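To start, the structure itself, in structure tokens.
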Amino acid sequence: MTRAVARSHPNIALVKYWGKQDEQLILPAAGSLSLTIDAFPTTTEVTLDSGATEDTFSLNGIPGAVGQTARVSALLDIVREAAGVSTFAHVDSVSEIPTDAGLASSAAGFSALAAAAAAAYGLDLDPRALSRLARRGSGSASRSVIPGLAVWHAGNDEESFAEPVDGPDVRMVIVTLSTGAKPVSSREAMRICMLTSPYYSAWVDSTKWTLEGALEACKDNDFTRLGRITELHANRMHALIQSADPPIRYLTPQSVAVFDAVAQLRQEGRNCYATADAGPNVVVLTTPDDADRVARHLAGFGQTRVVGAGLGAAVIERGVAS
Ligand code: DP6
């Protein structure tokens, strides 16, 4: 039985992905920019089993829910079709993302799965092809294939992949606030925004030129400009989300208080800008010099963790299982 193990890390978007032009192929309505971080990896083993009659999936040793296993199986179907192999597989994932960290686990999860599955089924994919494959599992997973800063291009199936971007040396402070369960999944919330928000088309248009500005800031090594864009774009995404019908709100009063504290830190001369994904936790983009001080200052709000640029998805073991 052929097997492969791959590891990948989460990423945090500076220019957000929120909305699809094709739900089946997971093509984004606009491009996005993120940092793959150096903490909380997911490690996934894919083992082909010629005797199996269906795929199986476990996460941290617990069998996956039906919906989770179906999403894993759907990605394996794409790999099987490309490889011309019909054998089912066992997929075992270990995620080091603490359940309360508020980090999207799907990016690390699907990029690790794509890398492990491609290797186990004998597909030799370059980073672009691997990014396109990971995208089919979860859009943001396309970016976790790439180390550090990554831009994910909008476009058709061929054109929509992530690739590395040179830019300033940054750190992130992850501020974990006390969390409840997500009210609505990002996949569902994106759909509701697209269907009901009168601001959706303005969001998509503005994201296109916001991304251009962010890429220029990266090229110029301009941390301040990149930071300003990051915070602005996060606020715009959350404004869009709140404008959906029925309204969805991920930020809590605590999250808003962290955004205010970050603004206050800037007044005091620190280089820091806040962002948040589809949940209440806040991630602060900062510089290597200011990271520890920012983390100390925000420690009263919740648990803080300083992270930096991490590695992209990689196969760490392959072979024949007994
Ligand atoms: C708020 O990649 O989880 O984190 O493609 O439907 O699986 P699907 O969505 P997903 O959405 C991530 C949304 C976000 C912003 C971002 O990462 O860019």
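The shown structure was predicted, so the numbers you read here are calculated from the model rather than taken from an experiment. Note that ligands are numbered from 1 as they come in the structure, with each ligand's atoms numbered from 1 the same way.
Proximity of S140 to ligand 1, defined as any heavy-atom pair under 4.0 Å, is shared by backbone and side chain alike. With a heavy-atom cut-off of 4.0 Å, I12 does not touch ligand 1 at all. Both the backbone and the side chain of S138 come within contact range of ligand 1, each with a heavy atom under 4.0 Å. Neither the backbone nor the side chain of R135 has a heavy atom within less than 4.0 Å of ligand 1.
Residue S106 has at least one heavy-atom neighbour below 4.0 Å for each of these atoms of ligand 1: 3 (O). Listed by number with element, the atoms of ligand 1 under 4.0 angstrom from any heavy atom of I26 are 5 (O). Atoms of ligand 1 lying under 4.0 Å from any heavy atom of R71, numbered from 1 in the order shown and given with element: 7 (O). Every atom of ligand 1 is numbered from 1 in the order shown, and the set under 4.0 Å from a heavy atom of A278 is 1 (C). Taking every non-hydrogen atom of A13 and a distance limit under 4.0 Å, the qualifying atoms of ligand 1 come out as 16 (C), 17 (O), 18 (O). For ligand 1 and K20, the ligand atoms under 4.0 Å from any heavy atom of the residue are 5 (O), 6 (O), 8 (P).
Ranking protein heavy atoms by distance to atom 16 (C) of ligand 1, first place goes to R143 NH2, 3.3 Å. For atom 9 (O) of ligand 1, the nearest non-hydrogen atom of the protein is M190 CE, 3.5 Å. Nearest to atom 5 (O) of ligand 1 among the protein's heavy atoms is Y17 OH, 2.5 Å. Of all protein heavy atoms, the one lying nearest to atom 4 (O) of ligand 1 is D277 CG, 3.5 Å.
A side-chain donor from one of T207 and H233 sits under 3.5 Å from a side-chain acceptor of the other. Between the side chains of S243 and S197, at least one donor N or O sits under 3.5 Å from an acceptor N or O. For the residue pair S160 / W152, a side-chain donor-acceptor distance below 3.5 Å is found, with atom types taken as modelled. Side-chain contact check for N271 and T287: no donor-acceptor pair (N or O, by modelled atom type) lies under 3.5 Å. For the residue pair R171/T286, the side-chain donor-acceptor check at 3.5 Å is not satisfied. Inspection of the T56 and H90 side chains reveals an N or O donor paired with an N or O acceptor under 3.5 Å.
Residue G139 has at least one nitrogen or oxygen atom sitting less than 3.5 Å from a nitrogen or oxygen atom of ligand 1, judged on distance alone.
Ligand 1 does not have H233 within reach: every non-hydrogen atom of the residue lies 4.0 Å or more from it. Between S32 and ligand 1 there is no heavy-atom distance shorter than 4.0 Å.
Taking the ring centre of Y17 as origin, the terminal cationic atom of R143 falls outside the region bounded by 6.0 Å and 45° from the ring axis.
Remark: among candidates R187, R136, K16, the nearest residue to atom 8 (P) of ligand 1 is R187, based on non-hydrogen atoms.
A side-chain contact (heavy atoms from CB on, under 4.5 Å) with V173 is found for one member of V306, L285, V282, V258 and no other, namely V306.
Aromatic rings from H238 and W18 are positioned such that their centres are separated by 6.0 Å or more. Here F161 and H153 bring their ring centres to under 6.0 angstrom of each other.
Classification of R236 and E231 as a salt-bridged pair fails, no side-chain N sitting under 4.0 Å from a carboxylate O.
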